[in-house]
K.L.:
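One structure, pasted below without further comment.
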Protein chains: 2
Amino acid sequence: MSSYAIEASWDRLDRNSGVPLHVQLRNALQQQITEGSYRPGEAFLTEREIAARYHVSRTTIREALVDLANGGYLVRQQGKGTFVARTRDAFDATRLSSFSEDMWRRGLRSSSRLLQVTDGPPAEDVAAHFGSDVRLVRRIDRLRFAGDEPISLQQSHLPLPRLAVSAEDLGDDSLYRLLEARFGVFVTTAEEVISAEVASTVDANLLGIAEGAPLLCVRRFAFSQTGEPIESACIRYRADKYKFYVQQTRGV
Amino acid sequence: MSSYAIEASWDRLDRNSGVPLHVQLRNALQQQITEGSYRPGEAFLTEREIAARYHVSRTTIREALVDLANGGYLVRQQGKGTFVARTRDAFDATRLSSFSEDMWRRGLRSSSRLLQVTDGPPAEDVAAHFGSDVRLVRRIDRLRFAGDEPISLQQSHLPLPRLAVSAEDLGDDSLYRLLEARFGVFVTTAEEVISAEVASTVDANLLGIAEGAPLLCVRRFAFSQTGEPIESACIRYRADKYKFYVQQTRGV
DNA sequence: CTTGACATGTTGTCATGACAATACGACCGA
DNA sequence: TCGGTCGTATTGTCATGACAACATGTCAAG
């Protein structure tokens, strides 16, 4: 019984299961890849080998292999063969990095100054992110520096009974680090909307630029690992000191 | 000559161009979609109709249609047909797309007006992209519209002996599509730097906004499938009409 | 030793054909 | 009117076959 199961998982596809053969094949191959049966960059089974092992046509094989290649598990090279992908990073990691990350990599220190912490009812877009249950949010205003120069103004909104961070807790530390340590909440995904504005008088004074100077404005809606909405933020960067870098690839 | 060109763009695929038929077909169908020839949710051409029109096998047709479905342009339903996608949730900034594709995903009709084409030595950042071999570039200025409203100003720079596109060739058509058809060059990756500026007098007049209004400024450096630098562009969007959307996921 | 021709193995492209699964309207009988 | 049957149109699945494009090693000629 168990020997049959083992054999089935290795080279038998069920033609009467109702599940398409190319799906069964794709799953079987994907399992072998994610199991670690192959080292990254190693040559994978050729179409001919798969045909011999699973007794399916090349049509079916190619359907499975192309799907896995599109999913970033395999890399196919005409004339050479099929190889297990070295990294799948390009498929789930962000391809957008900020100037501050660049600065951090180059060893430039970033710091921030807490401006004020206030509680109040959420504005419209903030309320839309947290849902109607949240009737009170804590707004945290910070001025952020790269080196000695002010770079950005950040307004963060947190849902209130849930994530009541205090000004003392926060200090000049990272908000996300505090959320992890204090509440066990990890921000894993975020949706960002990037826009442009001109500096108001108060923004200009804080950032040390002229009124009417261009600002890069980011609205961020952050979620935890469980999908819970965590933070709604509005960050205004000095456009002369901060730029976004995006790596684009062609999907279809 | 022109009648041939028109016919070619509609129902003729070039079997001797070296470009696979399913790629040509996919591009042709995608153009029809992003041009706005079909309303969202409307029934698209059936496989049979495509076969009759383009004289290719179902294998080729399915390859193109499945690609477009995976790309979020079409929805296929067994037994019913193929439909133009109704939801355009996939307009992520990390996806390389043409202006018309981008506008279509935002639910807008796109058009553009050619302003001028001039040749000259490259500016510093443009030269850095193309390398020191390129001593002359062609600059193409275009005004882009979303619906009836001007939305962006685009300056494209192309390396000159290599990619000499003419104003007549270009017309109001897609630059990338022209590069594919005319030179066999496919833009597959790009690096973008997103910044903010304020509108100059001339920009403001063209875009129909006030001088000093905020602009979202994008510098794009585009590469072909072989890694060859293809285009260096500067695009300035009206910040009140255009924003970037980014889905961030955290590594670790 | 170098170079080119050739064989071999790989993935890519395309056509043809058959049948299955699904959706839906037309028709017919109760 | 209701409900079931049937035909038709659609996309989904799978097989087979042929050739093209590309990579690589072998081997003989120079």
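Numbered from 1 within each chain, the chains take letters A, B, ... in sequence-line order.
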K.L.:
Listed by chain and number, what are the side chain to side chain donor-acceptor pair (under 3.5 Å) partners of A:Arg58, not counting sequence neighbours?
P.N.:
A:Glu47
K.L.:
Using whole Å, what does the distance between atom P of nucleotide C:dA15 and atom CG of B:Leu21 come to?
P.N.:
6 Å
K.L.:
With hydrogens left out and only the distance checked, is there a donor-acceptor pair under 3.5 Å joining B:Arg58's side chain and the base of D:dG12?
P.N.:
yes
K.L.:
Quickly work out the B:Glu47 CD to C:dG17 C1' distance and round it to whole Å.
P.N.:
15 Å
K.L.:
How many whole angstroms separate atom CD of B:Glu63 from atom C1' of C:dC14?
P.N.:
9 Å
K.L.:
Does OP1 or OP2 of C:dT11 have a side-chain N or O of A:Thr82 closer than 4.0 Å?
P.N.:
yes
K.L.:
When you measure from the centre of the six-membered ring of B:Tyr245, is the NZ or CZ of B:Arg106 under 6.0 Å away and within 45° of the axis?
P.N.:
no
K.L.:
Give the nucleotide from the list C:dG12, C:dC14, D:dT11 with an atom nearest to the side chain of B:Arg62.
P.N.:
D:dT11
K.L.:
Between A:Phe44 (CZ) and C:dT11 (P), how many Å, whole number?
P.N.:
11 Å
K.L.:
Given the rule in the side-chain contact (heavy atoms from CB on, under 4.5 Å) test, do B:Tyr38 and B:Leu45 qualify, once you have shown the distances and angles that lead to the verdict?
P.N.:
CA-CA 10 Å; B:Tyr38 296 86; B:Leu45 300 170; 3.5 Å; yes
K.L.:
Please identify each residue that fulfils side chain to side chain donor-acceptor pair (under 3.5 Å) with B:Tyr237, with sequence neighbours left out.
P.N.:
none
K.L.:
Would you mind writing out the side-chain donor-acceptor pairs for residues 145-152 of chain B within the sub-3.5 Å range, not counting sequence neighbours?
P.N.:
unit_1   : atom_1 : unit_2   : atom_2 : d
B:Glu149 : OE1    : B:Lys241 : NZ     : 3.2

K.L.:
Can you identify which nucleotide, out of C:dC14, D:dT11, C:dT11, has its nearest atom closest to the B:Pro20 side chain?
P.N.:
C:dC14
K.L.:
Ignoring hydrogens and angles, tell me if any N or O in the side chain of B:Gln24 forms a donor-acceptor pair with the backbone of B:Val19 under 3.5 Å.
P.N.:
yes
K.L.:
Between C:dT10 atom C1' and A:Gln77 atom CD, what is the distance in whole Å?
P.N.:
11 Å
K.L.:
Between atom CD1 in B:Ile50 and atom C1' in C:dC14, what is the gap in whole Å?
P.N.:
16 Å
K.L.:
Rounded to whole angstroms, how far apart are NE2 on B:His55 and C1' on C:dC14?
P.N.:
16 Å
K.L.:
To the nearest 10 degrees, how far apart in direction are the end axes of the helix from C:dC1-D:dG30 to C:dA30-D:dT1, each fit to five base pairs?
P.N.:
0°
K.L.:
Give a yes/no answer on whether the side chain of B:Arg15 brings an N or O atom under 4.0 Å of OP1 or OP2 in C:dA15.
P.N.:
yes
K.L.:
Please check if the side chain of B:Arg142 supplies one atom and the backbone of B:Gln155 the other of a donor-acceptor pair under 3.5 Å.
P.N.:
no
K.L.:
Mind listing the closest non-hydrogen atom pair of A:Val84 and A:Arg39 along with its distance?
P.N.:
CB-O, 3.8 Å
K.L.:
Rounded to whole Å, how long is the line connecting atom CG of A:Leu25 with atom C1' of D:dC14?
P.N.:
12 Å
K.L.:
The criterion is side chain to side chain contact (heavy atoms under 4.5 Å, CB included); which residues satisfy it with A:Pro20, sequence neighbours excluded?
P.N.:
A:His22, A:Val23
K.L.:
Produce the list of close N/O pairs, under 3.5 Å, pairing protein atoms with atoms of nucleotides 5-9 of chain C; give distances to one decimal.
P.N.:
unit_1 : atom_1 : unit_2  : atom_2 : d
C:dG9  : N2     : A:Gly79 : O      : 3.0

K.L.:
Identify whether any heavy atom of A:Thr59 sits under 4.0 Å from a base atom; if not, whether one sits that close to sugar-phosphate; answer base, sugar-phosphate or nothing.
P.N.:
base
